[in-house]
There are 2 protein chains.
Amino acid sequence: MKIGELARQAGTNPETIRYYEREGLLQKAGRSDGNYRIYSSAHLSRLNFIRRCRNLDMTLDEIHTLLHYKDAPQENCGEVNRLLDEHIEHVARRITELRALESELQRLRDNCNDETRAASCGILNGLSETPLREGKTDCHVSGTHRWDDRS
Amino acid sequence: MKIGELARQAGTNPETIRYYEREGLLQKAGRSDGNYRIYSSAHLSRLNFIRRCRNLDMTLDEIHTLLHYKDAPQENCGEVNRLLDEHIEHVARRITELRALESELQRLRDNCNDETRAASCGILNGLSETPLREGKTDCHVSGTHRWDDRS
DNA sequence: TGAAACCTTAAAGCCACTTCAAGGTCAACG
DNA sequence: CGTTGACCTTGAAGTGGCTTTAAGGTTTCA
């Protein structure tokens, strides 16, 4: 199987696969006569593992750790459990933050209901006054702009 | 006021301020004899506006747009309203996604309660089997790893 | 034969900064 | 006067997780 076929089967794209190889997440593939990468079903299942973890918003570093334990089945899995616990906490924290954000934005939005002159727009005026919030927690869940804004 | 003082007052740091200047969000400051940037309270309030918007997870592009209307108070503020509506929707969508993520992670976590051999760890095995979810929506709220992981 | 679909590499681009390197300025202290 | 140390300057590179671009090589089918 060549890289394009692997990409199709895993629902990702060839550049991403080459990137994972460079980063050492995916073992190097053998090459065909024409220097094309040739993959087996073992590559596919490892790639699927990686993509599942990415869908769960894990970093490549975290995935590296998980792959280590997959490759060392005799080791104790305590670190895997802890990694997941921490990750769940990060997600939970980010949800809390985004909810606070949402209500703050909604409050701001309610300040202007008609299209008026910018000078008297309650939103712009609100943004000029709202106190700066402190306390971005040490949560690693990120902001509002990760994926392409195709909407 | 020099850049360090401005940074302190706005709760940000000098490099960020220079970056905003390069990006055209903050007007260029005058210079002292020794070529230091000198700021006024007008700079401070504009910087505060920008930081408030960033705290609300807006992109620099969105902030550019808002600043345009602040600078043109006679224009109609309809675009400001729409920008906020879209932004609120993005945040709401990301919250929904993260909640789904959280329950999926929790389900996975429940598969392994003791420290055992990695080979029989329900988490690793779960990650090897869970179907790949489709449908990352076109939400631009980002993942779980935005801020430093200082925890 | 030749065009289309696939593959290769290396490098740059994305966002919103942060960090680094190498140096210049300024006030205070001995 | 010299020097220490806090502050400032610029430009370039690094962050993460890719995506895009450029410039080509290979394979397949008509």
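To find a chain, count down the sequence lines: A is the first, B the second, and so on, and within it residues start at 1.
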Original post:
Between the side chain of B/Arg109 and the main-chain N/O of A/Asp85, is any donor-acceptor distance below 3.5 Å?
Top reply: no

Original post:
With respect to the phosphate group of C/dG24, does any side-chain polar atom (N or O) of B/Asn35 fall under 4.0 Å of OP1 or OP2?
Top reply: no

**OP:** Give the rounded distance in Å between these two atoms: CD of A/Glu5 and P of C/dC6.
**Re:** 10 Å

**OP:** Round to the nearest Å and state the distance from B/Asp33 atom CG to D/dC7 atom C1'.
**Re:** 16 Å

Original post:
Between atom CZ in A/Arg54 and atom C1' in D/dT19, what is the gap in whole Å?
Top reply: 14 Å

Subject >> Residue mapping more 5' on DNA chain C - nearest nucleotide basis, B/Gly34 or A/Lys2 >> reply: A/Lys2

**OP:** Determine whether the side chains of A/Tyr39 and A/Arg46 contain a donor N or O and an acceptor N or O closer than 3.5 Å.
**Re:** no

Original post:
Relative to the 5' end of DNA chain C, which residue comes earlier, B/Asp61 or B/Ser32, by the nucleotide with the nearest heavy atom?
Top reply: B/Asp61

Original post:
Among D/dG17, C/dT8, C/dT18, which is the nearest nucleotide to the side chain of B/Asn13?
Top reply: C/dT18

**OP:** Mind calculating the distance between CZ (A/Arg51) and P (D/dG17) to the nearest angstrom?
**Re:** 11 Å

**OP:** Take atom CZ of B/Arg22 and atom P of C/dC17, then tell me their distance rounded to the nearest Å.
**Re:** 12 Å

**OP:** Establish whether the base of D/dG17 is bridged to the side chain of A/Tyr20 by a donor-acceptor pair shorter than 3.5 Å.
**Re:** no

Subject >> Residue-phosphate contact under 4.0 Å: A/Arg37 side-chain N/O, C/dT8 OP1/OP2 >> reply: yes

Original post:
Rounded to the Å, how far apart are A/Ile3 CD1 and D/dT27 P?
Top reply: 16 Å

**OP:** Grab the CG-P distance between B/Asn55 and C/dC17 for me, whole Å please.
**Re:** 10 Å

Original post:
Which listed nucleotide (C/dT9, C/dT25, D/dT10) is nearest to the side chain of A/Arg31?
Top reply: C/dT9

Original post:
Do the side-chain N and O atoms of A/His68 and A/Glu75 include a donor-acceptor pair separated by under 3.5 angstrom?
Top reply: yes

Subject >> Check: A/Thr116 main-chain N/O paired with A/Asp114 side-chain donor or acceptor under 3.5 Å >> reply: no

**OP:** Among the candidates C/dT8, C/dT18, C/dC17, find the nucleotide nearest to the side-chain atoms of B/Glu15.
**Re:** C/dT18

**OP:** Please determine, for the side chain of A/Thr16, which listed nucleotide (C/dA16, D/dT19, D/dT9) has the closest atom?
**Re:** D/dT19

Original post:
Which whole-number value in Å describes the distance from A/Glu23 CD to D/dG16 P?
Top reply: 9 Å

**OP:** Check whether the side chain of A/Tyr36 and the base of D/dT26 form a donor-acceptor pair under 3.5 Å.
**Re:** yes

**OP:** With the side chain counted from C-beta on, respond yes when A/Thr96 and A/Arg93 share a heavy-atom pair under 4.5 Å apart, and no when they do not.
**Re:** no

